[in-house]
Amino acid sequence: MSSQNEGIPLHLHPHDAGYRLIELPPELESMLESETAPVLTLESSDTSAVLKTPSKSYTLRQKNTSNSLILLSSPSSSSSPEPGLSAIATIHETVELDPIPDTPANQAPLKDTGSRGKWHEKFGKGR
């Protein structure tokens, strides 16, 4: 009697390389898939890394997830002679890109009016 549910063998062959998945905004994905894909650059800022395209900048933010993702490799792309799939990495974090809003060059920075901390004096007296 043959088994109808043989399944696909899964092997564990972890790589030493650390993997991160980047969630691309739709406009950046289409830009990268175009025939004239631009060069992207990574720069550091005071608070995070910044990914720059010719027209827009994005901050990189790491997001941890409770649902791990398993990165699989097929037999044709791995060095393993065993049939089936190989689990080569478990990913617990993803990188999210947040667009940096454009600020007009002629817009003056906000003026410090010195009103920091005054709200509680105005509205907190009657409490």
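The shown structure was predicted, so the numbers you read here are calculated from the model rather than taken from an experiment.
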Under 3.5 Å, sequence neighbours excluded: what are the donor-acceptor pairs made by side chains of residues 17-24?
residue	atom	partner	partner atom	Å
Y19	OH	H15	ND1	3.4
R20	NH1	E93	OE1	3.4
E23	OE2	T94	OG1	3.4

Next item on the list: Please name all residues satisfying side-chain hydrogen bond (donor to acceptor under 3.5 Å, both in side chains) with N67, sequence neighbours left out, ordered by chain then number.
Entry: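 N67 satisfies side-chain hydrogen bond (donor to acceptor under 3.5 Å, both in side chains) with no other residue.
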
Notebook entry, point to check: Which residues satisfy the side-chain hydrogen bond (donor to acceptor under 3.5 Å, both in side chains) test with S68, sequence neighbours excluded?
Noted result: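 In terms of side-chain hydrogen bond (donor to acceptor under 3.5 Å, both in side chains), with neighbours along the sequence ignored, S68 is linked to H92.
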
Item checked: T59/L97 under side-chain contact (heavy atoms from CB on, under 4.5 Å): CA gap, chis, key distance, verdict -> CA-CA 6 Å; T59 58; L97 299 179; over 6 Å; no

Next item on the list: Could you state whether L32 and V95 fall into the same hydrophobic cluster, counting links through intermediate Ile, Leu, Val, Met, Phe, Trp or Tyr residues with side-chain heavy atoms under 4.5 angstrom apart?
Entry: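 Yes; V95 is reachable from L32 via cluster members.
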
Notebook entry, point to check: So do L28 and L51 actually touch side chain to side chain, heavy atoms under 4.5 Å?
Noted result: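 The answer is yes; the side chains approach within 4.5 Å.
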
Margin query: Any non-hydrogen side-chain atom of H13 less than 4.5 Å from a side-chain atom of S73?
Written below: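 SC-SC contact between H13 and S73 ruled out.
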
Next item on the list: Locate the shortest heavy-atom distance separating A87 from L10; write the atom from each residue and the value.
Entry: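 In terms of heavy atoms, the two residues are closest at N-CD1, 4.2 Å.
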
Notebook entry, point to check: What are the two closest non-hydrogen atoms of P9 and H11, and how far apart are they?
Noted result: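 Scanning both residues completely, I find the closest heavy atoms to be CB-NE2, 3.8 Å.
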
Notebook entry, point to check: From I70 CD1 over to S86 OG, what is the distance, rounded to the nearest 0.5 angstrom?
Noted result: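 Atom-to-atom, I70:CD1 and S86:OG are 12.5 Å apart.
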
Next item on the list: Mind checking side-chain contact (heavy atoms from CB on, under 4.5 Å) for P99 and listing every partner two or more places apart, or none if nothing turns up?
Entry: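 Residues passing side-chain contact (heavy atoms from CB on, under 4.5 Å) with P99: K56, Y58.
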
Checklist line | Partner residues of T36 under the side-chain contact (heavy atoms from CB on, under 4.5 Å) criterion, sequence neighbours left out | finding: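 For T36 the side-chain contact (heavy atoms from CB on, under 4.5 Å) partners, ignoring immediate neighbours, are S34.
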
List the atom pairs, donor and acceptor, that lie under 3.5 Å between side-chain atoms in residues 39-50 and the rest of the protein, sequence neighbours left out.
residue	atom	partner	partner atom	Å
E43	OE1	K52	NZ	3.2
S45	OG	T47	N	3.4
S45	OG	S48	N	3.1
S45	OG	S48	O	2.6

